[in-house]
Amino acid sequence: MRPQLELLDLGDHVAVHGPMIRTRTGDGAVRADGYRHVGKAIMPPPDKWHGLTDVEKRYRERYVDLFSNPDVARVFHARSKIVRALRAFLDGLGFLEVETPLLHPLRGGATAKPFETHHNELDMKLYLRIAPELYLKRLLVGGFDRVYEIGRAFRNEGVSTRHNPEFTILEFYLAYANHEDLMDLTEAMFRSVDAALRAEMYARSPGWWDDRAFALDVPFARVDMRDAIVERTQRSGSAPGLFPTPFDGALTRALLADPQGLEQAITRLLDLPPARKDEDAARLGGPERLQYWRDARKLLAKCHHHGERVFVLYEVLVEPDLPRLYRTADGLRSLPVFVTHHPFEMSPLARKDDVDPTVTQRYELFIEGREVANAFSELNDPDDQEQRFLGQLDRRTRGDDEAMDFDADYIRALRHGMPPAGGFGLGVDRLVMLLCGQPSIRDVLLFPAMRPEAVSGHGE
RNA sequence: GAUUGCGUAGCUCAGUCGGUAGAGCAGCGGCCUUUUAAGCCGUAGGUCCUGGGUUCAAGUCCCAGCGCAAUCACCA
């Protein structure tokens with residue numbers, strides 16, 4: 001046995017058998033009477049004290065990261081618990097978990113650039129799904145009143161701290177519910193999942209709760225997108241970081257409902273000629289802010305419809321400041337915010353509001369400035385849906401490569417009658433980020449997307 | 001896609017003004033004999049990301065490329 005022990009290296013796996021004993025110092029141990037090497041480590045482990053800190057190596061060699069950094073492994077245990085808690089919540093409400101195709105013949109369910117692939121035998125172009133939405137709603141037509149799917153979606157877009165080309169999406173559909181029911185359900189779901197996680201993980205990772213900048217234990221804010229825009233322009237300077245905007249004092253709900261008036265107002269308010277640069281910069285909070293509004297002007301100039309304009313106004317005026325605008329009564333934490341009633345032009349699958357058909361019964365949920373969920377009352381009028389698809393085709397002909405395809409079978413499904421329903425989508429990775437205090441989506445993905453590395457060895 | 005920063009031993013990192021490539025840990029060889037990362041002595045270990053350029057001389061300065069990160073843009 002001795003000579004074999006000489007061959008032991010850090011990282012080897014060994015099988016030891018013998019009676020369990022307790023040492024003088026009280027530790028558990030095995031009094032070994034047999035010993036075998038069962039796995040050999042050739043590579044030396046990282047520094048015991050520092051672990052593996054090089055971020056690139058951590059992602060590329062996640063196996064090393066996981067065995068040398070307990071905090072990292074804990075995030076993935078938490079992720080598993082979070083997904084299980086999401087399932088438990090929905091299962092408890094009688095939802096049916098289903099699996100729908102990942103290979104889609106058409107682009108639909110979200111506005112995004114897809115990955116393309118090809119089926120040889122069928123000789124057809126296929127897209128990796130950007131969302132399961134349209135298949136799940138076909139199941140509503142089929143009589144499954146409560147369905148959900150947790151799975152991967154793929155979007156051929158940039159990589160950032162919040163975006164990975166493949167990510168995990170939860171979508172559920174609840175018949176006879178609307179977007180307001182979904183807000184109640186969403187709050188309940190988030191609290192349920194967080195409680196389940198906390199019960200198992202608080203002792204090991206108290207910081208995930210103690211260091212949170214946001215609250216989940218109070219009612220979430222609910223604000224109409226247009227009200228949020230107006231309110232933002234009235235609150236400049238009321239809190240740190242709420243800089244003045246070119247729109248302060250100039251926007252009203254009436255103006256936001258007036259296509260011509262709004263377009264003229266935008267053109268006038270964002271006309272910031274270089275000659276007045278210094279003065280404007282000072283008025284808006286600095287040169288960076290001036291540049292910000294110049295970029296905003298470009299975005300607004302690209303808009304083709306009134307609804308797009310309102311949506312972009314929300315994006316540039318409100319969204320970056322959400323954590324500053326909506327806070328708990330004591331001001332210490334940000335509130336989750338349901339931003340509601342998106343313009344129908346931006347929501348091709350959502351039901352129009354009964355009293356104001358220019359907007360939809362939709363919400364997006366933001367927590368600490370990050371979008372985590374998107375939900376709406378589903379559009380179940382086949383004729384309206386057909387018009388929306390045609391609108392998407394218009395966008396495509398104008399060069400929008402994120403527009404959806406016309407899905408004739410989906411229209412046919414709606415013609416068979418889809419119950420009114422609320423539909424909900426959640427970025428699971430982003431939820432894990434929030435609950436586990438992780439700043440980058442890569443920290444909640446075991447193997448985040450990376451450029452290929454030149455690996456020495458065989459297999460070329 | 002743009003900007004900024006980073007890339008040195010298996011790991012964590014130094015490296016000054018451009019002048020012989022360094023430390024700790026891990027490894028290996030001894031010694032010691034019991035711990036809350038690290039007992040002692042010794043030893044070995046390098047494509048300084050890659051390729052050009054400047055220079056008598058480049059880890060260091062310049063250019064290009066590759067990779068990673070952050071921010072922005074696009075989006076979820």
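Just so you know, these numbers come straight off a predicted model, no measurement behind them.
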Q: Tell me, please, which residues at least two apart from R152(A) pass side-chain contact (heavy atoms from CB on, under 4.5 Å).
A: F154(A), E166(A), T168(A)
Q | side-chain contact (heavy atoms from CB on, under 4.5 Å) partners of T117(A), counting only residues at least two apart | A | L103(A), L126(A), L128(A)
Q: Kindly indicate whether the side chain of D47(A) and the base of rG24(B) share any N or O donor-acceptor pair separated by less than 3.5 Å?
A: yes
Q.
Categorize D401(A) for me: base, sugar-phosphate, or nothing, with a 4.0 angstrom heavy-atom threshold over every strand shown.
A. nothing
(Q) Whole angstroms only, please: what is the CG-P distance between N69(A) and rU12(B)? (A) 10 Å
(Q) Under a 3.5 Å cut-off for both contacts, is rA69(B) paired Watson-Crick or G-U wobble with anything, and if yes, with which nucleotide? (A) rU4(B)
Pick out the pairs of N or O atoms, protein on one side and nucleotides 38-40 of chain B on the other, that lie under 3.5 Å.
none

**Q.** Contacting residues from residues 52-65 of chain A, given that a heavy atom lies under 4.0 angstrom of RNA chain B
**A.** L52(A), T53(A), D54(A), V55(A), E56(A), K57(A), Y59(A), R60(A)
Using 4.0 Å as the upper bound for N to carboxylate O, is an ion pair formed by [Y] and [X]?
X       : Y       : result
D401(A) : R396(A) : no
E263(A) : R309(A) : yes
R58(A)  : E56(A)  : no
R191(A) : D194(A) : no

Q) So which one's nearest nucleotide on RNA chain B is more toward 5', T111(A) or A449(A)? A) A449(A)
**Q.** ring pair (Phe, Tyr, Trp, His ring centres under 6.0 Å) partners of F167(A), counting only residues at least two apart
**A.** none
Q. Can you name the salt bridge (Lys or Arg N to Asp or Glu O under 4.0 Å) partners of D91(A), sequence neighbours left out?
A. none
